[in-house]
> 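After the structure tokens below, expect a handful of questions from me.
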Amino acid sequence: MTSTTTIPAHHIEITRPDDWHLHLRDGDALKAVAAHSAAQFGRAMIMPNLRPPVVTTGQAVEYRQRILAALPATSEFVPLMTLYLTDHTPPDEIRRARESGIVFGVKLYPAGATTHSDAGVTDLAKCMKTLEAMQHHGLPLLMHGEVTDPAVDIFDREAVFIDRVLRPLRKSLPALKIVFEHITTKEAVQYVKEAEGETGATITAHHLLFNRNALFTGGLCPHYYCLPVLKREENRQALVKAAISGNPRFFAGTDSAPHARGLKENACGCAGCYTALHAVELYAKVFDDNQALPNLEAFLSLNGAAFHGLPHNSGKITLARQDWHIPEALPFGEESVVPLMAGETLPWRKV
Ligand code: DOR
Ligand code: ZN
């Protein structure tokens, strides 16, 4: 168990955290959100679901440049780039990605599973040569773990994915590094705890804080809609138990996914919760509520780096027990973005 350094009783200091799953978007949206992540995190695994998606190492290099240009001049934030896996990603692209030194994972979106996933994988069998190359080069597969079969209930898609896709994949590629991303169910927690091979999982702050009731409290609440969708309370409790356990297989990935307010408060609202502004404080609340602050540093700052074979960040951040109000909205290009728990009070603040 790793312990945080306590300064005064109402302050905690931890190694600067990393966000192992982040959507930064592009253009004006990128310029609006990049500084939020950079203020909280040392590094982040940058999702490639742009339009068009980041499918080649060359595109990842260019996107990385745009991210660096959008950061505050003094920022030391490091974007860890990913490639978007398609039915046609050539195995040689994996070698190029590895040799570039800037790509740290390959993202599996089952086609149709979520935002901008239409170019995703229709059948993992089509990608076997590429997945073998990833195993060979040690490039992790970052998985959106949901089946897209319309016959499967949306609340069951993650659990069904484990049996239909993940178990067979793990059997055929035992040495592939796999991150089961933004897990939402007790079945996923159980799988990750017991899985053979190098298997990790990211957990978002919103899935630790809320169950599916949040989607319908007092009416339809689009700012609590994300994919995988929030689940029952028993699942949330299983996620909390895993996150606070100190088990090195579980680490933070915010899945902060900004959408313009008008696209969320819409007859067909987009999936995604915006948490880049206050993710560390949201996670701190979860750990505090569960008397687990001594394990916050492992989850936020150590486990993910160790899984990816990287040193942890050298800097520190300090959190103070101090109430503050989450803004109702933030600038987002010409529009605005509504952060998770907008207008509510959080008991921890990064200082
Ligand atoms: O809620 C989500 N939003 N889940 C995803 O998988 C994608 C993301 C986005 O890009 O908006
Ligand atoms: Zn995501």
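For ligands, and for the atoms within them, numbers begin at 1 and follow the listed sequence.
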> State which residues pass salt bridge (Lys or Arg N to Asp or Glu O under 4.0 Å) with Arg66; sequence neighbours excluded, sorted by chain then number.
Asp26
> Between His207 and His182 (judged by ring centroids, cut-off 6.0 Å), do the two rings come close enough to count as a pair?
no
> What I want to find out is whether Glu99 reaches Arg96 closely enough, with some N-O distance under 4.0 Å, to be called a salt bridge.
no
> Kindly indicate whether a cation-pi arrangement holds for Arg212 with Phe155, taking the cut-offs as under 6.0 Å to the six-membered ring centre and within 45° of the axis.
yes
> Please report the number of protein N, O or S atoms that lie less than 2.8 Å from the Zn ion (ligand 2).
3
> If you look at every heavy atom in Ala205 and Leu282, which pair is closest and at what distance?
CB-CB, 3.8 Å
> Could you please provide the protein residues found below 4.0 Å of ligand 1 on a heavy-atom basis, arranged by chain and number?
His23, Arg25, Asn49, Thr114, Thr115, His144, Cys226, Leu227, Asp255, Ala257, His259, Ala271, Gly272
> Could you point out which residue of Ile244, Asp288, Leu319 forms a side chain to side chain contact (heavy atoms under 4.5 Å, CB included) with Leu296?
Leu319
> Transitive ILVMFWY cluster of Phe251 at side-chain heavy atoms under 4.5 Å: who else is in it?
Trp20, Met45, Met47, Val55, Val78, Leu80, Tyr84, Phe104, Tyr109, Leu142, Val179, Phe307, Leu310
> Relative to each other, are the rings of Phe180 and Tyr191 parallel, tilted or perpendicular (30° and 60° limits)?
perpendicular
> Ring-plane angle category for His278 and Trp324, please: parallel below 30°, perpendicular beyond 60°, tilted otherwise.
perpendicular
